[in-house]
Amino acid sequence: MSYIIPSEFVTKMVDAGESKIYMATRDTLIRGFMAGAILALAAVFAVTIAVQTGVPLLGAVLFPVGFCMLYLMGFDLLTGVFMLTPLAWLDRRPGVTISGILRNWGLVFIGNFAGALTVAFIMAFVFTMGFNTDPGAVGTKIAGIGEARTLGYAKYGFDGWLTIFVRGMLCNWMVSMGVVGAMISTNVSGKVLAMWMPIMLFFFMGFEHSVVNMFLFPSAMMMGGAFSVMDYFIWNEIPTALGNLVGGLAFTGLTLYSTHVRTAPKRTLS
């Protein structure tokens with residue numbers, strides 16, 4: 001597996017965060033677009049497997065194929081840059097500013113959303129024969145997910161909103177572990193194995209991922225989901241993205257950085 005020790009791969013995390021802040025606008029958008037599109041296809045793949053086999057676990061086991069593909073190709077998810085880019089600022093890398101971090105987040109969000117929305121339209125078109133028929137079992141399932149994860153939360157008011165936020169935190173705790181997994185090995189098999197485990201966990205547990213939701217909810221609306229664009233943003237995308245930010249940074253980025261880069265003084269024996 002060619003395992004890299006934590007003190008080395010955490011430094012790679014900081015380096016990666018710095019490089020993303022300095023990346024050209026065009027490259028950031030392209031990488032974000034492709035990441036959103038590939039993850040959207042993986043979501044369709046997983047839902048299709050779950051519906052056709054009746055075994056949701058099987059869909060979760062196979063969903064990480066999309067995540068592995070996009071990170072092996074060097075594309076960027078919003079959930080990943082939420083965790084990586086602030087580390088470069090904390091490490092006081094030259095020229096890294098809060099405005100630069102926010103710019104990167106904004107560009108990756110736009111790229112991810114455009115990619116996911118493109119696949120949402122394509123798949124809705126395919127499922128409905130050009131919007132001329134019912135969407136079938138898989139399309140109906142996606143529409144149902146959209147309703148359950150917006151209106152289903154909305155009926156509980158603030159507690160529902162907070163539940164989405166917490167699910168977003170838990171999601172990016174695992175997803176950011178997958179991002180780190182791509183850095184802890186120097187060969188493909190090691191990277192894939194390290195990425196696969198936490199991504200499978202988040203998907204099966206039904207945690208909320210802002211980029212997956214950029215596909216699920218627009219496609220659900222195209223295929224008959226009875227909720228609005230405002231329902232989607234207020235009762236899912238916004239609290240999910242905020243939860244993703246807090247969970248990835250607090251549970252993965254800061255914990256690894258604080259104990260493997262900014263370590264505490266070693267104990268001395270008297």
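Partner Asn213 forms a side chain to side chain donor-acceptor pair (under 3.5 Å) with one of Asn236, Asn244, Thr150 and no other, that one being Asn236. Of the options Phe233, Trp235, Tyr232, a ring-ring contact (aromatic ring centres under 6.0 Å, His included) to Phe217 is made by Tyr232 and by none of the others.
Side-chain atoms of Trp161 come within 3.5 Å of backbone atoms of Ile234 as a donor-acceptor pair (strictly under, hydrogens ignored). At least one donor-acceptor pair under 3.5 Å links the side chain of Glu147 to the backbone N or O of Ala226. Remark: the backbone N or O of Leu249 is not paired with any side-chain donor or acceptor of Thr252 at under 3.5 angstrom.
Hydrophobic clustering (ILVMFWY, side-chain heavy atoms < 4.5 Å, transitive): Met214 and Val229 are in one cluster. When the side chains of ILVMFWY residues are joined at heavy-atom separations under 4.5 Å, either directly or via intervening members, Val108 and Ile110 end up in two distinct hydrophobic clusters. No chain of hydrophobic side-chain contacts below 4.5 Å, direct or via other Ile, Leu, Val, Met, Phe, Trp or Tyr residues, connects Ile184 to Met197. In terms of hydrophobic clustering, with Ile, Leu, Val, Met, Phe, Trp and Tyr side chains grouped at heavy-atom distances under 4.5 Å, Leu29 and Val119 are assigned to different clusters. Following chains of ILVMFWY side-chain contacts shorter than 4.5 Å, one can reach Ile49 starting from Phe203, so the two form part of one hydrophobic cluster.
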Apply side-chain contact (heavy atoms from CB on, under 4.5 Å) to the pair Ile4 and Lys12, showing each step before the final yes or no. CA-CA 10 Å; Ile4 299 173; Lys12 290 177 64 176; 3.8 Å; yes
Passes side-chain contact (heavy atoms from CB on, under 4.5 Å), Trp89 versus Thr97? Steps please. CA-CA 6 Å; Trp89 180 77; Thr97 62; 5.6 Å; no
Verdict with reasoning, Phe113 to Val211, per side-chain contact (heavy atoms from CB on, under 4.5 Å): CA-CA 7 Å; Phe113 198 92; Val211 182; over 6 Å; no
Could you walk me through whether Met222 and Leu117 pass the side-chain contact (heavy atoms from CB on, under 4.5 Å) check? CA-CA 11 Å; Met222 293 177 198; Leu117 189 62; 4.2 Å; yes
Just do the side chain to side chain donor-acceptor pair (under 3.5 Å) check on Thr28 and Arg103 with the steps written out, would you? CA-CA 10 Å; Thr28 304; Arg103 172 185 173 277; 5.3 Å; no
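Between Arg149 atom CZ and Thr163 atom OG1 the span is 12.5 Å, to the nearest 0.5 Å. Atom CD of Glu18 sits about 11.5 Å away from atom CG of Leu87, to the nearest 0.5 Å. Expressed to the nearest 0.5 Å, how far CE of Met200 lies from CE of Met174 amounts to 11.5 Å. From Met23, atom CE reaches atom OG1 of Thr85 across 11.0 Å, with rounding to the nearest 0.5 Å. Separation of atoms CZ (Phe9) and NE2 (His260) is listed at 6.0 Å; rounding is to 0.5 Å. With values rounded to the nearest 0.5 angstrom, Ile30 atom CD1 is found 4.5 Å from Arg26 atom CZ.
Side-chain atoms of Tyr257 and Met13, non-hydrogen and from C-beta on, never get closer than 4.5 Å to each other. A heavy-atom distance below 4.5 Å is not found between the side chains of Trp173 and Val246. Looking at Val44 and Phe127, their side chains come closer than 4.5 Å, going by heavy atoms from C-beta outward. The side-chain heavy atoms of Phe215 and Ile142, taken from C-beta on, include a pair separated by under 4.5 Å. No side-chain heavy atom of Val175 sits less than 4.5 Å from a side-chain heavy atom of Phe207. Proximity of Asp231 to Ser228: side-chain heavy atoms (C-beta onward) are separated by under 4.5 Å at one or more points. Contact of the Glu237 side chain with the Phe109 side chain is registered, since non-hydrogen atoms from C-beta on lie closer than 4.5 Å. Contact annotation: the side chain of Phe125 never approaches that of Ile122 to less than 4.5 Å [non-hydrogen atoms, C-beta and beyond].
Closest heavy-atom contact between Asn104 and Ile21: ND2-N, 4.4 Å. Pairing each heavy atom of Met183 with each of Ala16, the nearest pair is CE-CB, 3.9 Å. In terms of heavy atoms, Ala40 sits closest to Ala116 at CB-CA, 4.2 Å. Between Gly181 and Ala194, the closest heavy-atom pair is O-CB, 3.5 Å. Cys171 and Phe202 get closest at one heavy-atom pair: SG-CD1, 3.5 Å. Ala124 approaches Phe131 most closely through the heavy-atom pair CB-CE2, 3.8 Å.
Arg167 and Tyr153 share a side-chain donor-acceptor pair at under 3.5 Å.
The side-chain hydrogen bond (donor to acceptor under 3.5 Å, both in side chains) pairs that include a residue from residues 111-130 number zero, where partners must be two or more places apart or lie in different chains.
Within 6.0 Å of atom CE in Met177, 12 or fewer heavy atoms from other residues, nucleotides or ligands are found, so the atom counts as exposed in its surroundings.
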Would you tabulate the side-chain donor-acceptor contacts of residues 66-84 under 3.5 Å, counting partners in other chains and residues two or more places apart, or write 'none'?
unit_1, atom_1, unit_2, atom_2, d
Asp76, OD1, Lys20, NZ, 2.6
Thr79, OG1, His209, NE2, 3.1

